[in-house]
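Here's the structure we're looking at; comments come further down.
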Amino acid sequence: MILQEKIQAQLPDWRERIKKLAKEHSEVKVAEVNVGQIVGGMRDIKSLLTDISFADPAEGIRFRGMSIPEVIAALPKPDGAEMPYVGGLYYLLMIGEVPTKEQAEAVESEWIKRCHVPQHVFAMLRSMPKHTHPMTLFVLAIQSLAPQSEFTRRYHEGMKKDEYWMPALEDSLNLTAELSVVAAYIYNLKYKDGKQPEFDPSLDYGANFARMLGVEDQKGYADLARLYFILHSDHESGNVSAHATHLVGSSLADIYYAFSAGMCGLAGPLHGLANQECLGWLLDVHKKFGGVPSRDDLYKFAWDTLNSGKVIPGYGHAVLRVPDPRFTAQMEFAKKHFPQDELVRLADMVFDVVPAVLKEQGKAKNPAPNVDAISGTLQYYYGVREFDFYTVLFGVGRALGVTANYVWARALGQPIERPKSVTTKMLEDVVAKATQPA
Ligand code: CMX
């Protein structure tokens with residue numbers, strides 16, 4: 001299998017580099033930690049190792065060193081499509097090289113081969129109460145796929161440590177193949193008549209997702225799905241979903257345990273839920289003014305939101321200090337395909353007005369839009385209007401990045417994570433010593 005062969009070929013060199021760092025340079029200091037970082041949610045503490053992606057504060061995310069526009073331009077595309085194969089992105093994340101069209105298609109074929117969700121998963125989903133949140137269903141479905149884990153089976157047979165990554169890759173390919181079917185099934189079960197259009201083995205990942213979701217404009221939505229999954233795949237390892245997956249995986253739990261932990265984190269309002277809150281805010285503006293408001297009205301509305309003690313969703317970021325290139329890519333897509341759509345025009349006006357308002361308020365370190373400022377608007381345009389489902393979409397994309405990290409973490413023998421805690425008294429003592437007059 002293509003990914004296995006490529007990783008195998010790269011492994012000796014990577015293992016040597018890590019071994020050298022750990023054996024010969026483990027005492028070299030990388031950064032210092034201050035009290036603010038410990039009290040403030042470990043913000044910016046450099047303590048995670050990944051080569052899959054890097055979020056540069058001044059540039060945004062780079063996948064294997066490539067910016068979003070570079071990735072979209074370089075990855076091969078299905079015939080007649082505007083956006084690249086999702087399988088091509090998976091190849092890039094796993095291998096660190098831009099695939100040829102044949103290589104991207106080989107990953108897509110692996111997914112098609114492995115796309116057999118066991119019937120008990122659907123039966124379990126059908127047995128849940130109708131009002132269950134789609135993210136709860138998603139997590140349960142991931143867990144219910146766990147009995148197929150190759151990693152767990154081989155672990156209990158006593159596989160050697162340097163082989164861990166192989167069944168980890170098997171599991172990751174199976175999981176990512178099945179997730180799109182599971183997500184579409186949840187959508188159809190919860191919001192439609194429960195019948196799901198058949199998976200078509202002649203289509204790629206994005207087109208199949210559009211088909212299974214049953215949207216009207218299949219071609220347009222297939223491109224959006226490809227773009228959406230690519231953009232949401234990874235944002236280095238410190239965010240909640242990536243870090244939770246990595247942490248749980250470091251205990252040698254299989255990817256089903258690890259990824260479902262990540263998805264529980266994604267379900268939180270400060271992480272994956274923000275996209276639906278952002279669209280909700282745009283729709284509130286739209287409703288209040290009966291369409292796209294004047295700039296003055298929007299300016300006042302934004303200030304009213306801040307004055308009522310709320311944040312303006314879709315703006316600000318923990319790491320980025322510029323407009324998120326994932327926002328820019330989606331805005332360009334919307335302006336190219338449906339520039340006259342009222343919500344797109346409104347989102348564009350918000351982009352013009354809100355950063356200035358946040359700057360005037362002077363609190364947010366980054367007054368620019370993040371990925372969530374537009375992603376719901378695009379889904380809404382294509383008729384996917386069930387807000388609660390948006391985090392599931394995010395999860396399908398996020399699986400690509402976190403499983404690539406999981407495979408490489410096992411390949412490089414990354415150990416179980418165990419940071420150290422301190423007590424409040426210890427911090428106070430450190431502060432007292434540091435601030436003592438000489
Ligand atoms: N509207 C109003 N106030 C904001 C703000 C916004 N969009 N963004 C930041 N602020 C405020 C913070 O609430 C904070 O206020 P307090 O000092 O009163 O607590 C202050 O500005 C400083 O915050 P920060 O250091 O700039 O931002 P954080 O790293 O603490 O938080 C984030 C980052 C994303 C949670 C925050 O910007 C926010 O709440 N934005 C709106 C929600 C949102 O869009 N979330 C999606 C994140 C996307 C992602 O994770 O990829």
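When a ligand or atom number is given, it counts from 1 through the structure's own listing order.
For atom 30 (O) of ligand 1, the nearest protein heavy atom (residue, atom name, distance) is R43 NH1, 3.9 Å. Atom 1 (N) of ligand 1 has as its closest protein heavy atom I312 N, 2.9 Å. Among all non-hydrogen protein atoms, the one lying nearest atom 47 (C) of ligand 1 is N370 ND2, 3.8 Å. Scanning all protein heavy atoms for the shortest distance to atom 15 (O) of ligand 1 gives K363 CE, 3.4 Å. Among protein heavy atoms, atom 9 (C) of ligand 1 sits closest to A364 CB, 3.5 Å. Counting protein heavy atoms only, atom 38 (C) of ligand 1 is closest to Y315 O, 4.0 Å. Ranking the protein heavy atoms by distance from atom 48 (C) of ligand 1 puts D372 OD2, 3.5 Å first.
Ring to ring, F229 and F209 are close: their centroids are under 6.0 angstrom apart. Aromatic ring centres of Y221 and Y381: separated by at least 6.0 Å. Checked against the 6.0 Å centroid threshold, Y205 and Y85 do not count as a close aromatic pair. Taking the six-membered ring for Trp and the full ring otherwise, H235 and H271 have centroids separated by 6.0 Å or more. For W281 and Y315, the distance between ring centers is not under 6.0 angstrom.
Taking a distance limit of 4.0 Å, we find that atom 35 (C) of ligand 1 is approached by no protein heavy atom. Distance remark: protein heavy atom not present below 4.0 angstrom from atom 32 (C) of ligand 1. Proximity of atom 12 (C) of ligand 1 to the protein is not indicated, since no non-hydrogen protein atom lies closer than 4.0 angstrom.
Using a 4.0 Å cut-off to heavy atoms of G314, the atoms of ligand 1 that qualify are 43 (C), 44 (O). Close approach of ligand 1 to A274 (heavy-atom distance below 4.0 Å) involves ligand atoms 43 (C), 45 (N), 46 (C).
Closest to atom 27 (O) of ligand 1 by heavy atom, among R326, H317, Q361, is H317. Summarising the contacts of atom 24 (P) of ligand 1 with H271, H235, K365, the nearest heavy atom is found in K365.
Residue-to-ligand polar distances keep K310 apart from ligand 1: every N/O pair is separated by 3.5 Å or more.
For R385 and Y380, the positive end sits near the middle of the six-membered ring, less than 6.0 Å away and at most 45° from its axis.
Between R64 and E97 there is no salt bridge, since no side-chain N of the basic residue sits under 4.0 Å from a carboxylate O of the acidic one. We find that E82 and R226 are not joined by a salt bridge, their nearest charged nitrogen and carboxylate oxygen being 4.0 Å or further apart.
Residue contacts with ligand 1, taken as heavy atom pairs separated by less than 4.0 Å, involve V311 via backbone and side-chain atoms alike. Only the side chain of L358 comes within contact range of ligand 1, with a heavy atom under 4.0 Å; no backbone atom does. Neither the backbone nor the side chain of D324 has a heavy atom within less than 4.0 Å of ligand 1.
No donor-acceptor pair under 3.5 Å is formed between the side chain of S237 and the backbone N or O of T50. Between the S233 side chain and the I230 main chain, a donor and an acceptor come within less than 3.5 Å of each other.
The two residues F301 and K288 have their closest heavy-atom pair at CE1-CD, 3.7 Å.
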